[in-house]
Each structure stands twice: as C-alpha cells, then as structure tokens.
Amino acid sequence: MNMSKDNKMYILAIDQGTTSSRAVLFDQKGHVQGMAQQEFRQIYPKPGWVEHDAEEIWDTTCQVIDRLFDESDITPQQIAGIGITNQRETAVVWDKNTGKPVYNAIVWQSRQTAGICEELKQRGLKKTFKEKTGLVVDAYFSGTKVKWILDHVDGSREQAERGDLLFGTIDSWLIWKLTAGKVHVTDYSNASRTLIYNIHTLDWDDELLEILGIPRSMLPEVQPSSKVYGYTDEKIFRGARVPIAGAAGDQQSALFGQACFKPGMAKNTYGTGCFMLMHTGERAVQSDHGLLTTIAWGIDGKVEYALEGSIFVAGAAIQWLRDGLQIIDKAAESEECANRLESNEGVYLVPAFVGLGAPYWDQEARGAMYGLTRGTTRDHFARAALESLAYQTRDVLTAMEQDSGIHLKQLNVDGGAALNNFLMQFQSDILNVTVKRPTVTETTALGAAYLAGLAVGYWDDKESIQQNWAIDAEYEPKMAEETREKLYDGWKDAVRRTMSYEKVKI
Ligand SMILES: Nc1ncnc2c1ncn2[C@@H]1O[C@H](COP(=O)(O)OP(=O)(O)O)[C@@H](O)[C@H]1O
Ligand SMILES: O=P(O)(O)OC[C@H](O)CO
C-alpha cells in the first residue's frame, strides 16, 4: 500500500458485491491506493433460493472501511467523497422505526418468486412490464421479491400500508445506514432494475405498483448517479461528515469505470455472474433478442441507456468447483487445469444452477454436463466451467449485435475471472474479437469512485476520466474458424438439451 499522512485527498468506493463487501481507495489517476475485502454468508434456504443477511452486509461494509483506515495513515478527513456500487436487484425491506430488516435480503439469483412471475406471464403482462421497464418478467428483478416478502412475512403488508416499512436495493440500504436513517434514496441505474420503475417517464410506475401490491410510501427517492445525497453520520464514520456523492448498480458502474461513454462501447464483467453492457446513448434500445434495456446512469439532468446481457452463473461455476465439488483449492487453479488439456474433448457444462438468464430466460432450467467418459478428469470439469463463461458471452454478444446493428471489434473486460488468461484467450477465440483488460480490474469500484468524484469536483469531467484508462493485456483471436464454429455448435446443442430436459418431480 502506498499511503502517507499528507493532505492528499482520495475517493472511497464501497463495492458491495454478491459474495463480498469491499472498500477501495482511489487517487486522482484512478489508481488503487488501498483495499479491504470481506466475504459473507450465502444463505440457501431451499434449492434455487439465495438470501443474504442485510445486517451482515452492513457489518461487513463497516468492517472493510475500518480495516482500510486501520491499515493506512489516511484519515476519514482525507476522503473527498464516497461512491457506492452494489449487487443489483437484491431486495431489502426494513422497518423505518427500528432499522431492522423484516426478512433476509432476497438475492438477485434467487428463484423463490418464479411462481409469481409465471402468474404475471399467464395474465398476459409480459409486454406491459417490458415496455415500461425494459426488463423481462423473471424472478431476477426486485419487484416480485418485495411482493414475496409482503405476502409471506406476518403483518408486513399492514405495516407497509401504514408507511412503516421501507424498500431498497443494497445502495439504498447502505446510504440509509451510513446517514443513520436520514436519507432514503436510490439512483437511476438501480431503480431501473426493480421492475416497478418506468425507464421512459423516469418515475415509479403506479400501474406496476398496483399489479405487485407495493405501496409507493416504501420506495426510495430516485436521484442522479452523481450527486451529494447526504453525509456520513459522525458516529458511524470516525467523527467525519463525508459526502456520499455517487451510486450506481455494479454493472453500470463498471461500464462507467471502463470509460464506455459513447454509444456502441461495451464491457463484460466476469464476477459471480457475467454481465455485458453496451452504451446506447440517450436512446433506450428495445431488444428483440432477449436482452434488457436498462439505465446506464443519470448525470447532470441527462439519463443515458444501455443494452445488457445478464448471465447468472459465471465465476460462481468456478466457486462451485472449489466449494461444492472441492476439486480445486483456489479459483486461479482452474487455469492450470484447463491448460493441461489440448481441447475440451467434447465435455460441456451448462451452469444453469439458477435457471438461465439472457438470452434464454428459462427460470426452470437446471445445470447439466455432457460428453462425460471414463477418461473425464477434474481438468475437464474446470475447462468446461471456464469455457461456459465464454460461450454464454458469445450468446449475449450475438444478441447485442442483432439488436444494436453494431459489430463489436473489441471487448473491454474486468471482474475477478478476467484475470484468468486461459479464459480471456478462449473468449477472444470464441468471439473472434479482440479482448482488452485494463490495468485496474476493480472497474466496478472505480466507476462509483468516478461518479462520486465528479459530484465533489475531484475530477473535472469525463475527459479527464477517459485519460486514466490504461491497458494491461490484449488477447487476439487465434482459433481457426472451423474449430470456433464446431465448439460453439456443441454448446448450442448442450443448451438445447438442458432446456428441453423434463425434470422428474418427487
Ligand atoms: N483466476 C480466476 N479464474 C477463474 N475465476 C476466478 C478467478 N479469480 C476469481 N474468479 C471468480 O471470480 C469471482 C469473483 O470475482 P468478483 O469480481 O470479485 O465477483 P463479485 O463482485 O460477483 O463477488 C468468483 O466467483 C471467483 O470464482
Ligand atoms: O455481485 P456481482 O458482481 O456478481 O453482480 C451482480 C449483479 O449486479 C446482478 O445483477
């Protein structure tokens, strides 16, 4: 760490992800000057359900901020602003009087509202939701999670109707906690993931609220992504009142951190899931190929949009090799395993552990492996898992090119699994596109830092941010066309079989 007790100012980004909370300090060049990270519990109450303890999310956030200050000479007074970025869609409902969540946070991956979604589809509401929110009716988004909590937690609907309960995605929850309950806001990008926010009129949508039975009084005020929302409470932040000056969902934040400011620029983030976003400017492009239309950010009174391909399981497949199957000790070991083989030898993994997201949107699909023989080893499992990230990315890139009419020549990448060189080379080969990894792979946190820094004058404008982008590695396609298409055909076949598989229900 390169920290000294001088008067230099920094921006603090809080990156509250699906598996860990992180606090990252950035300087004016956009370089990381300190980081602390803490994993927290994943709660799986039933197959396909995923929950978090919202209090634990808050506790780990406080712990990483504390650790960052403990391990450095920097004081909270040297923080010019705080930017927040978060796992999106995950829904928290809490009592505004006690500050206590009424139920666990229901995580974006969780399938417990699949039944509610089926009912909405049967009522013919798919088009209504898509036109207003840019989203598909799927358990992924927050709206049905809030409905589920109000339907299942005793007395919560009455409490909500009395105005005693608040809803928020993780950004709202953290801002509310950091300001000791004074500020209940969210930003445009997070609001656009809730299934109850109209991305065209830029307001919560009364018709959708009515359909899902969610009282308006629960909802946070929607604000620009770069703006001072409030100040940290002195008791919480070591005596300092620091402006909380930016917020964005983690994938939009990564798009900003990658300086994808112009229409047609795209990035792919390989974290727990994998999310490709293409900036489409001030135009909300409707997808005909299974992508989402979403708000990229809202700054200076202007809202900009993106097309998104959301893949639910990416790095999580590698975690499954490590924690579930226990065939590797560390995620990075998957690279050595994959490199020990010349090819996948016909072994494919379709990691539909929580259904399939874009472009398939199959809530019922579950994971499958194909092509196993007596000669299959853990290396094949690791290679198939890594390759599945690249094939899923090709699925969404194809859809994106069809929807946008733009042929992508290069893809900017980031996220934990983007450090895997086997994967990045294979990705470039399967897409036939140049893959570029920047020096700072903490792009998600960087985006939130930039948004906060712009609001407090730490950075002047987007141009100065653009200049900070620097390349670490570039991967050019090397694979023969015939091999590429043969491999991809194998993947499409595996997906087809997975989606048509009739589960035996016992
Ligand atoms: N070298 C690697 N190869 C493959 N996957 C990796 C590697 N390093 C980390 N990962 C995967 O990346 C994910 C962590 O990335 P991160 O960007 O921190 O995700 P998140 O923000 O979703 O928690 C984990 O799922 C992990 O399995
Ligand atoms: O926590 P991540 O990085 O996997 O991101 C989760 C996404 O925001 C879900 O939409």
Side-chain angles (χ1 to χ4, degrees), residues 13-22 24 35 37-40 42 50 52 57 60 85-91 105-110 135 138-142 145 169-171 189-190 192-195 248-255 257 267-277 292 294 308-325 328-339 351 353-354 357-358 382-383 385-390 413-427 437 440-448:
I14 298 172
D15 178 2
Q16 205 303 300
T18 311
T19 55
S20 71
S21 302
R22 261 177 257 197
V24 191
M35 179 165 93
Q37 181 172 7
Q38 180 70 48
E39 288 201 12
F40 57 86
Q42 304 294 311
V50 190
H52 292 157
I57 285 183
T60 51
T85 182
N86 54 290
Q87 51 167 322
R88 306 165 304 165
E89 300 96 16
T90 298
I106 303 185
V107 176
W108 59 276
Q109 289 172 317
S110 197
L135 307 176
D138 188 273
Y140 179 22
F141 306 102
S142 327
K145 301 180 196 291
T169 39
I170 299 295
D171 53 319
S189 69
N190 273 296
S192 75
R193 314 297 297 186
T194 56
L195 207 66
D250 57 7
Q251 302 309 324
Q252 287 92 332
S253 189
L255 190 69
K267 69 88 202 177
N268 200 23
T269 302
Y270 301 76
T272 304
C274 190
F275 300 86
M276 188 190 291
L277 269 75
L292 307 173
T294 202
E308 172 175 325
S310 326
I311 295 164
F312 293 157
V313 172
I318 312 303
Q319 268 173 344
W320 172 68
L321 300 177
R322 189 194 66 183
D323 304 337
L325 300 185
I328 55 173
D329 291 326
K330 287 194 311 249
E333 205 185 318
S334 59
E335 183 169 340
E336 294 154 40
C337 293
N339 277 327
F353 302 151
V354 290
R383 184 162 181 138
L386 287 171
E387 287 192 358
S388 76
L389 275 58
V413 297
D414 53 63
L419 294 171
N420 189 305
N421 295 307
F422 165 81
L423 173 61
M424 290 302 104
Q425 183 57 52
F426 189 76
Q427 185 68 89
R437 185 173 64 205
V440 178
T441 44
E442 292 295 335
T443 330
T444 302
L446 183 58

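Quick caveat: nothing in here was measured; it's all calculated off a predicted structure. Each ligand, and each atom within it, is numbered from 1 in the order the structure gives.
- When hydrogens are left out, the protein atom nearest atom 23 (O) of ligand 1 is Thr19 OG1, 2.8 Å; that is the closest non-hydrogen contact.
- Scanning the protein heavy atoms around atom 22 (O) of ligand 1, the nearest turns out to be Thr272 OG1, 2.5 Å.
- For atom 1 (N) of ligand 1, the nearest protein heavy atom (residue, atom name, distance) is Ala332 CA, 3.4 Å.
- Around atom 3 (N) of ligand 1, the closest heavy atom drawn from Asn421, Leu321, Asn420, Asn86 belongs to Asn420.
- Side-chain contact of Ser21 with Gln16: a donor-acceptor pair under 3.5 Å is present, judged by distance alone.
- Residue contacts with ligand 1 include Gln319, since one of its heavy atoms falls under 4.0 Å from the ligand.
- Using bins of under 30°, 30° to 60° and over 60° for the plane-to-plane angle, the ring pair Phe353/Trp320 lands in the tilted bin.
- The distance from atom OG1 of Thr443 to atom CD of Gln251, rounded to the nearest 0.5 Å, is 10.0 Å.
- In summary, the side chains of Ser253 and Thr444 do not present any donor paired with an acceptor at a separation below 3.5 Å, with no hydrogens or angles considered.
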What short N/O contacts, under 3.5 Å, does ligand 2 make with the protein, listed by atom pair and distance?
{"residue": "ligand 2", "atom": "1 (O)", "partner": "Thr18", "partner atom": "N", "Å": "2.9"}
{"residue": "ligand 2", "atom": "1 (O)", "partner": "Thr18", "partner atom": "OG1", "Å": "2.4"}
{"residue": "ligand 2", "atom": "1 (O)", "partner": "Asp250", "partner atom": "OD2", "Å": "3.3"}
{"residue": "ligand 2", "atom": "3 (O)", "partner": "Asp250", "partner atom": "OD2", "Å": "3.2"}
{"residue": "ligand 2", "atom": "4 (O)", "partner": "Thr18", "partner atom": "OG1", "Å": "3.3"}
{"residue": "ligand 2", "atom": "5 (O)", "partner": "Asp250", "partner atom": "OD2", "Å": "2.7"}
{"residue": "ligand 2", "atom": "5 (O)", "partner": "Gln251", "partner atom": "NE2", "Å": "3.4"}
{"residue": "ligand 2", "atom": "8 (O)", "partner": "Arg88", "partner atom": "N", "Å": "3.0"}
{"residue": "ligand 2", "atom": "8 (O)", "partner": "Arg88", "partner atom": "NE", "Å": "3.0"}
{"residue": "ligand 2", "atom": "8 (O)", "partner": "Asp250", "partner atom": "OD1", "Å": "2.5"}
{"residue": "ligand 2", "atom": "8 (O)", "partner": "Asp250", "partner atom": "OD2", "Å": "3.3"}
{"residue": "ligand 2", "atom": "10 (O)", "partner": "Arg88", "partner atom": "NE", "Å": "3.2"}
{"residue": "ligand 2", "atom": "10 (O)", "partner": "Arg88", "partner atom": "NH2", "Å": "3.0"}
{"residue": "ligand 2", "atom": "10 (O)", "partner": "Glu89", "partner atom": "OE1", "Å": "2.6"}
{"residue": "ligand 2", "atom": "10 (O)", "partner": "Glu89", "partner atom": "OE2", "Å": "3.3"}
{"residue": "ligand 2", "atom": "10 (O)", "partner": "Tyr140", "partner atom": "OH", "Å": "2.7"}

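- Contact annotation: the side chain of Ile57 approaches that of Gln87 to within less than 4.5 Å [non-hydrogen atoms, C-beta and beyond].
- Just one of Thr90, Thr169, Leu292 meets the side-chain contact (heavy atoms from CB on, under 4.5 Å) condition when paired with Arg193; it is Leu292.
- Of the protein's non-hydrogen atoms, Ala417 N, 3.6 Å is the one closest to atom 12 (O) of ligand 1.
- At a heavy-atom distance under 4.0 Å, no atom of Ala314 approaches ligand 1.
- Considering all non-hydrogen atoms of both residues, Val24 and Ala445 come closest at CG2-CB, 3.8 Å.
- Nearest residue to atom 19 (O) of ligand 1 from Gly271, Ala317, Ser334, Ala445 is Gly271 (criterion: closest heavy atom).
- Among all non-hydrogen protein atoms, the one lying nearest atom 8 (N) of ligand 1 is Gly416 O, 3.4 Å.
- Side-chain contact check for Thr85 and Asp250: no donor-acceptor pair (N or O, by modelled atom type) lies under 3.5 Å.
- For atom 27 (O) of ligand 1, the candidate residues are Gly315, Ala382, Gly415, Ala338; the nearest heavy-atom contact is made by Gly315.
- Nearest protein heavy-atom contact of atom 18 (O) of ligand 1 is Arg22 NH2, 2.4 Å.
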